[in-house]
Structures are given as structure tokens and as C-alpha cells.
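What follows is one structure encoded as C-alpha cells, with my remarks underneath.
Index from 1, following the sequence. Ligands are counted one by one from 1 in listed order, and the atoms in each one are counted from 1 as well.
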Amino acid sequence: MKTLDKTDAWVSLQAHFNETHATHMRDLFVTDPGRSKRFSLDVAGIFCDYSKNRINDTTRELLVQLARERGVEARRDAMFSGAPINRTEGRSVLHTALRSKEALSVMGVDVAAAVVREKNRMAAFSEAVRNGVPGVAGKGMIRDVINIGIGGSDLGPKMVTQALPVTGPRLHFLSNPDSNAVHRILEKLCAEETLVIVSSKTFTTQESLTNFHTVKQWLSEFLGSERDAMAQCVAVTANPAAAAALGFAEERTFVFWNWVGGRYSLWSAIGLPIMLAIGADQFELLLDGARAMDQHFRHAALEENMPVLLALLGIWYRNFHHAPSHMIAPYDARLGEVVPYVQQLDMESNGKRVDIRGNELGYGTGPLIWGGLGINGQHAYFQLLHQGTHWIPVDFIGVMHSPGSITEHQWVVHANMLAQAEALMLGRSTAQTYRELRTAGLSLERSEYLARHRTFPGNIPSTTLLLDTLTPRTLGALIALYEHKVFVQGVIWDINSFDQCGVELGKQLSTDIFAELAGAAPVVHDASTTALIARIKRFDNPEPTHS
Ligand SMILES: O=P(O)(O)OC[C@H]1O[C@](O)(CO)[C@@H](O)[C@@H]1O
């Protein structure tokens, strides 16, 4: 296969970029108002307006040609069929099977049946807990749930349960082993009424196991024995043997499989806190929404395929406009956790510098993903978007109808979202600014001076994703949309989006440093790290550092 930058589509895109990059979007809208209709799609309860991007019909054609040349369709079909596309780990990538209703066997294993079996176990358990069935999780009624987990074993359930109405026990997410984080949660809970879920795909993650030991000790102190403590703990893992070694009985262990990546796992048993919070029926609807997006991704033509088009826009900005970052700005308070969720999904998947065969790449891959609630960001970092020296494409995410909300509040939110997208696109020229200042009665000199400060270059692209309403279905579709976007970009860049070798070195060193801090091993590091270790160790034997 040709390297990416030698493909016909890439060469044509480069020439097209050279010809068009000076074009301002405000002119495109003047000459072609129909672009708003042509560059929008409506899928699974999500309306996507991508007309405020620096593209024309030719750009879209060439980008789609690039996707075809890179074999996106064949690679997509390979993923859905269970082919071992995660080559470094020798695994299939089948998070889509967790929400599929189709039969699927991989290497003689009935994947679909295993998924249904485990989901039924989760549903039986979570409905019993929600209904306060005695003895299901310890002795009493469960009012609080602590989910101990980090990364993919934390961010998905946290995001979904912040977005959707919780009708079950209160949830507390414990990912950070900093004892301040642990105490903050434990001090407000009653042990008798608390269920603990230890979520870890590997069941070897230092942060989560450290938290588990402390929380188990807390439960034991209040409940009187370790046996009673463990009766209020369940494990969620793809490594049940490791959970068993830590005392989790089989009936207290919910499993998923190595073919589910951590950051793609909220649809699996990792979703147990979600089921507890919203109920098994609503969890099913979340899966339905993701399945609707899966179907669209599998069957829609690339030209009309929402995840493919979002991915291609990302490639256009990352590789041709050389934008190093991409911002996500939800305009609905319930969607704030979508940003850290997509950040892990995208950056852990596509933050790679070698291709799938291990050859160093000569082009940029995954961008920095960042952002936060747009309405708050407007009063903080949006200044830099409008007038700074970075150039940052944005995804705006809004929710059209929010039943029960105060209409005027929603108008404020929507007005701001639309205004930001329009301002980023249009900008305001120096001449126009100058005219406005003069009309307002300012002197010639003052107007010239201020106009320079008040000019907005504009031409900053954004895509607006408008959810009809925020339900399990539309949220499921939104998450699957981002999953498939990331997948398509990985295919185009020819990288493995499903491993995360980059997190290993730090993990290995932290194990060594932990032993050194504990005095169980001699300190052998670079001078800076050695000095910092020595300084931290002084905590055990404090000496005054200043008078
Ligand atoms: O679920 P585990 O195995 O505890 O891992 C948690 C997270 O840690 C990572 O492995 C990165 O360190 C993520 O990929 C994963 O989601």
C-alpha cells in the first residue's frame, strides 16, 4: 500500500488546499447559501451541520476519495466481523458486538451469546439492588455506590450518569488514589448502605487496587469483618482470575472480554454503574442508540456517513491546515463529561507515531482534544479561539429540546452556541470594525487604534451537533459517532487505534519509584528525579526547610 502522503487523493488534496486555503468562509456563504443544506446530515436523533467548515464540494469529494483509497470500508467491515485488527495485541475489536442484535461467532466462540448472558446477569443484579432486595449486596438497602476505576473503567460510566437522570442509588466515582479523594467520598457515606464496584479490565491497575484495599478496610471496620465487607463488593473485569485471587467470588464478578478496549467498554459490564443508576431498560436504549449509529456507519455511503465525514474534516485540518488541536464545546450542562471521555477515546487511540507495521510516520496523527462546557469557556478561553495565534476547529454540541427546562434559559444557551459558531466563522474585518467605531462617534485616531484590537480574523471552522433531545438513545448514538470517527482516522493514518503502549513506561517507572519511596529499593534515577524523591522522602523524617 502507498504511504498516505503518496496516495492520489492526498496529492490532489494538497493541490486543492494550495488553491483554496486563502478563501474565507464568509465568502463561501455569500456565494453559496445552499451549502448549509448540502453540508448537513440527520442521523439517529443527531443533526450535524458541517457547513461552517473550510470546504467546498471538491474538498468533500477528494476527502471521500482518500477514505476509499485507504480502504476505510474494508477495514470497517473487518472490525465488525471480528477480524484481529488490533495487531500488536493480537485481538479482535468488538465493542460493536456489545450492542449488536446479530449472531456473531469469532474463532468458534459465540460472542453474541456471551454478551447476552453477561448482560442478563448485570440486569438481574442491578434491578435487585435498585429494588432493595435484601441480601443482594450485603445486609441492607444500598443507597450509594462507589465505582473504583480509572481511565476507561471510570470515564464512560461517569459521563453517562451525569448526562442521564439517575433513578437508582447515588454514584461516587473514585479514580484518584490521592487519599484526599478517597476521604472526600468515604466521609459522607454509610458503610452498611454502600456497594463497591471495582472496575478494572486488567485488575492489575495500581491506582484502582490501592483504592480498593483502603475502601475494603473502611467497610470491614464498619461492618465488623472482611467477609461482610466483601459481600458489599463486586468486581468488573476481563481478568476474573485476578479478581478471584483478591477474594471476589464468581457470582460477585461481572466479566467482559479482551476484545473490548478499556476506552470502548461502557457498553459492557463496565456499564454496571450505569445500569444501577438508570435501570436495565434505559441501558438497553443506550445500546439501541449506539446500534443505530453502527448501522449508519456500516451502510451509509461515505459521502453521507456522519462518522466518516467528521473524521475526514479532522484529517483536513490536522494534515493540511496543520491544526494541532481540536476543541469540543458541549452547550448542555449534562454533557460536560463528554469532553474528558472523548479525550481518552481519541488521544489514547490515535496518539501514535508509528504505523501499524511499526514504521515511523511522516505526517501528523491524533490532535490534542480539549474543551469543556461552552458557555463557561466563552468567559475563559474562547478569547484565544477568536483572536489568539492558534487556529482551532471546534465541535459544538447542543440539545434542542430539554423537556421541563425553562424556555428562556434554553434560549440563552442556544443563542450563545449559535453566536459563537457564527462569530468564529464570520469574524469581523478591520474595515468593518473601524466603520462601526466611527459611527459610534469615536475619533479617527481612536477608531484606527481600537479597530486593530477589535478585529476578528474569523474563518475558524466548527461543526454543530444538535441532539433532538438528550435521551439514552441519542447519547448512545453520540458516543458511537465519536468512536467511529476515531476509527476512520486511525485507518487513514494507518495506525493501530486499539493499543496504548504509550502508557506503559510511566507505569513501569512508577512501580520502581513506589518501592524506592517505601524504602524497599535503592534509588537509581536521573539527577532530577533522584533529588525530587529525596525531597519527598523528607516527609517521613521532616526537617525545617525554611526559617
Ligand atoms: O481497566 P484497567 O485495566 O484498570 O485500566 C484502566 C485504564 O488504564 C489504561 O490502561 C491506561 O493506563 C487505559 O487504557 C484503561 O482504560
Aromatic contact, Y482 with Y341 (centres under 6.0 Å):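 That pair fails the under 6.0 Å test.
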Centroid-centroid distance, W259 to Y264, less than 6.0 Å: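 Not under 6.0 Å, so no.
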Would you call [X]-[Y] a salt bridge at under 4.0 Å N-O?
X: K188; Y: E193; result: no
X: D499; Y: K352; result: yes
X: R291; Y: D288; result: yes

Residue of the set N147, T194, D144 for which side chain to side chain donor-acceptor pair (under 3.5 Å) holds with H172: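 So, applying the side chain to side chain donor-acceptor pair (under 3.5 Å) to H172 and each of N147, T194, D144, only D144 qualifies.
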Residues in contact with ligand 1, criterion: heavy atom under 4.0 Å: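 Residue list for ligand 1: I150, G151, G152, S153, S200, K201, T202, T205, Q344, E348, Q500, V503, K507.
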